[in-house]
Number of protein chains: 2
Amino acid sequence: MPNASDSLPKPLKSHRATGRVTLNDVARAAGVSASTVSRALRGERAVDPALIERVQAVSDKLGYVPDPAARALASQRSNHVAILIPLLSNALFVDLLDAAQTTLRAGGYQTLMGVTHYDPSEEEQLLREQLLHRPAGLLVTGLDHNAATRKLMASSQVPCVHLMDLPAAQLSDAPYCVGFRQTDAGAAMTRHLLAQGRKRIAFAAAQLDPRVMQRLYGWRHALQEAGVYEPTLEFLNPAPSSLALGGVLFEQIMQQRPAVDAIFFCNDDLAQGALMAALRLGVSVPSQVAIAGFNDLTGSDQMLPALTTVRTPRAQIGQAAAQMLLSLMRGEEPDSPQLDLGFDILQRQSS
Amino acid sequence: MPNASDSLPKPLKSHRATGRVTLNDVARAAGVSASTVSRALRGERAVDPALIERVQAVSDKLGYVPDPAARALASQRSNHVAILIPLLSNALFVDLLDAAQTTLRAGGYQTLMGVTHYDPSEEEQLLREQLLHRPAGLLVTGLDHNAATRKLMASSQVPCVHLMDLPAAQLSDAPYCVGFRQTDAGAAMTRHLLAQGRKRIAFAAAQLDPRVMQRLYGWRHALQEAGVYEPTLEFLNPAPSSLALGGVLFEQIMQQRPAVDAIFFCNDDLAQGALMAALRLGVSVPSQVAIAGFNDLTGSDQMLPALTTVRTPRAQIGQAAAQMLLSLMRGEEPDSPQLDLGFDILQRQSS
DNA sequence: CTGTTAGCGCCTTCAT
DNA sequence: ATGAAGGCGCTAACAG
């Protein structure tokens, strides 16, 4: 009877006792050493199955819960996963966060979020703060980071998955990433508009982050391919994206270039705002001008006319990236370091 | 010369050295004890100003950064603040999170977010997980929690501020909270519609969380006050809120109760969807029916007609709650445990 | 005001 | 396959 003394777990008061049930309490009650309990509970191999079961039972009975701080201190690894996203005011990133966070929690990890505001030095600072917590993994948006950030990521040795973007070519030493080819998506939508018979297709963008620029390149490429590229049809505004700005851009374009027969907005916020502005101004969509957006955000299908857009698999990206990270944290190697989740052209009434 | 030995900080290799600069390294280099460094760096009083300065300088020179895990283990308090919100798919809560997180970070705290999906037992489970990290503070949405959750919050001794809601009366033993009176806001909007000459004002709601119900009570109250309350004008749907559902509700109401001359939606998602549906169906707003929403979400000012709604100070709530929590964590007592940030009726073209 | 002494709870080498 | 011993880096209690 190894468990002859598992009643009356005397709370041996030291001068700083916390009253919490510790690994040692479980070890004592189970009649084994603390290390064995530690190994048994973490499912580390090389422990007798029968023992594992007994330890598990005792642990449950006592209501033992490991202390993450102690664990982090001893092992130099916490159960945090840090995630860096540009903004919370863009539903795209919130969806990414939501999906990633859900998947990570199911895997036993706590998400530490950081909002970079598209500022490379803020990103660096946030990463620095987060690394103090010795996260077990890292999720970052995009592939563009400043040198210091890249160095921090590399030297920290923390597994890292990049979101949304894929490197131009399938490099062998490429970083882990989950996303789709922004350039291709930009080109695909442009070709769709061309296929509808549109000739003068403007590109309107705000924020101008790297992914927006790639969509721009896709648009350029498709137009050049068709022999109808015209640089003056680019309307780029570095201000943050919003419905209101979409309206402003729309008015501006219609005024400056009334012959334009389609406008491809770099995201749905802008396109929705343009659609409302068209309604206000009495410009008929799509007969006079077609409107297209990007991302298929909430409400795009409810617009009048419903917005043609690019459906991007952001929730899937968040989830798949989290899963890739989970396997990396387990020490496994994913099948491929790059996961292309593609995109769809959603043709609706606005084109 | 107490600092005769501050050169050649021999990296005394133990069998598990991590290479990190520790408190002891600073202490040795500054020629004082570790506790003194600890106290000096944390600004704990009862340290010689000159020493503080010297320690600070040495610490900077060595690039010392405290280890949060060690700190949490020794002090039983981390620099995490846990925040519980119902959803990330509602911009309202994201704004709350964004503001709170920004303020907390400025105060040196890391935010741990938890998404409850309006499920009391998920809330309880999340809180349990978060409390393991021994957060220094807690931010929770609303005042309604199950018994286990309330008990956890109380027994954890962690300072806690409630978001969005205020208790019915100004109780003395009331919890800390920052928000506004949902009931009053519901009544105020209803009175606004009445003042516009509307007589048959429907209330349409989804999600039906406690705050939505309070708005309903406000609507009821205002109508009863005016002697025009009619229970069959309540359209309550427990499904999640969305633009599409707003359109469905609108169609349903216009079909079942064509004589309705105003609809008060419990939030802007629904109201925006209704506005788009009205456009589609050719129902003229506001001449045939007025539409009002709640929260003044993105896009409401861009609708056609622009949406009349209740502006709720969600960013301010997030920020003020975080600030109240920061002072509680410093051991200070806020002026008043309840902070009412009010609301505004934004009359636009839809009413 | 400062130093000394013990841990906080766990993991991890090393030995068995 | 298991146990013993020590350390992760810091703070808290207690002297002085």
Side-chain angles (χ1 to χ4, degrees), chain A residues 2 9 11-55 59 62-79 132-134 136, chain B residues 2-3 11-55 59 62-79 132-134 136:
Chain A
L12 38 131
K13 290 211 151 58
S14 89
H15 77 119
R16 240 196 321 166
T18 57
R20 134 177 233 141
V21 179
T22 74
L23 199 59
N24 263 314
D25 297 334
V26 178
R28 219 170 302 134
V32 294
S33 77
S35 355
T36 302
V37 176
S38 173
R39 289 188 281 243
L41 259 29
R42 274 177 305 148
E44 214 182 60
R45 66 157 141 265
V47 177
D48 180 29
L51 240 189
I52 292 187
E53 211 166 325
R54 196 167 94 239
V55 167
S59 163
L62 261 47
Y64 167 69
V65 196
D67 181 328
R71 197 166 251 193
L73 182 59
S75 68
Q76 307 293 337
R77 274 278 157 278
S78 72
N79 73 141
L132 291 181
H133 290 281
R134 303 188 180 287
Chain B
N3 52 351
L12 37 132
K13 290 213 152 62
S14 88
H15 76 121
R16 241 196 318 166
T18 56
R20 139 177 228 140
V21 179
T22 75
L23 198 59
N24 263 314
D25 297 335
V26 178
R28 218 171 303 134
V32 293
S33 77
S35 348
T36 301
V37 176
S38 171
R39 289 187 282 242
L41 258 30
R42 275 177 305 150
E44 213 182 60
R45 68 157 138 268
V47 178
D48 181 28
L51 240 188
I52 292 188
E53 212 166 325
R54 194 166 96 239
V55 167
S59 161
L62 262 48
Y64 167 70
V65 197
D67 181 328
R71 197 167 251 191
L73 182 59
S75 69
Q76 307 292 333
R77 274 278 158 276
S78 72
N79 72 140
L132 291 182
H133 290 281
R134 303 190 181 286

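The chains referred to below are lettered A, B, ... by the order of the sequence lines, with proteins before strands, and numbering in each begins at 1. Hydrogens, waters and symmetry mates play no part in the numbers below; they use all other heavy atoms, side chains included.
Contact annotation for A:L23: backbone-only contact, meaning every heavy-atom pair under 4.0 Å involves sugar-phosphate atoms and none involves a base.
Of the candidates D:dT11, C:dC8, C:dC10, the closest approach to any side-chain atom of B:Q76 belongs to C:dC8. You'll find that the side chain of B:L73 is closest to C:dG9, out of D:dA12, C:dG9, C:dC10.
Between B:R39 and B:P66, the one whose closest nucleotide on DNA chain D sits nearer the 5' end is B:P66. Both B:A70 and B:V32 sit near DNA chain C, but only B:V32 has its closest nucleotide nearer the 5' end.
No side-chain heavy atom of A:V37 sits under 4.5 Å from any side-chain heavy atom of A:Y64.
Here the C1' atom of nucleotide D:dT11 and the CZ atom of B:R77 are 14 Å apart, to the nearest Å. D:dT2 atom C1' lies 12 Å from atom CZ of A:R54, rounded to whole Å. For the pair B:N24 CG and D:dC8 C1', the interatomic distance rounds to 12 Å; values are reported in whole Å. In this structure, the CD atom of B:E44 is 12 Å from the P atom of C:dT2, given to the nearest Å. One atom, NE2 of A:H133, and another, P of D:dG9, lie 16 Å apart when rounded to the nearest Å. When the C1' atom of C:dG9 is taken as reference, atom CG of A:L41 falls 14 Å away, rounded to whole Å. Atoms CZ (A:R71) and C1' (C:dC8) sit 16 Å apart, rounded to a whole Å. Rounded to a whole Å, the OH atom of B:Y64 is 3 Å from the P atom of D:dC10.
Applying the 4.0 Å criterion to OP1 and OP2 of C:dG3, one finds that B:T36 has a side-chain N or O inside that range. Note on A:R42: a side-chain N or O is less than 4.0 Å away from OP1 or OP2 of C:dC11. Neither OP1 nor OP2 of D:dG9 sits under 4.0 Å from any side-chain N or O of B:T22. Checking the phosphate oxygens (OP1, OP2) of D:dG3, a side-chain nitrogen or oxygen of A:S33 falls inside 4.0 Å.
Contact detail for B:A27 and B:S33: the closest heavy-atom pair is CB-C, 3.7 Å.
Under the side-chain hydrogen bond (donor to acceptor under 3.5 Å, both in side chains) criterion, B:R39 pairs with no residue, sequence neighbours left out. Residues meeting the side-chain hydrogen bond (donor to acceptor under 3.5 Å, both in side chains) test with B:R71, sequence neighbours left out: none. Among residues two or more places apart in sequence or in another chain, the side-chain hydrogen bond (donor to acceptor under 3.5 Å, both in side chains) test is passed with A:R42 by A:S38. Listed by chain and number, the residues in a side chain to side chain contact (heavy atoms under 4.5 Å, CB included) with B:E53 amount to none (sequence neighbours excluded). Scored by the side chain to side chain contact (heavy atoms under 4.5 Å, CB included) test, B:L51 finds B:V32, B:T36, B:V47, B:D48, B:R54, B:V55 as partners (sequence neighbours excluded).
Residue side chain B:S35 reaches the base of D:dA12 through a donor-acceptor N/O pair under 3.5 Å, judged by distance alone. Side-chain to base pairing of B:S38 with D:dA12: no donor and acceptor N or O lie closer than 3.5 Å to each other.
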Return one dot-bracket line describing DNA chain D 5' to 3' (Watson-Crick or G-U wobble pairs, both distances under 3.5 Å; ( ) same strand, [ ] crossing, | another strand, . none).
|||||||||||.||||
Run the side-chain contact (heavy atoms from CB on, under 4.5 Å) check on A:D25 and A:R20 step by step: do they pass?
CA-CA 9 Å; A:D25 297 334; A:R20 134 177 233 141; over 6 Å; no
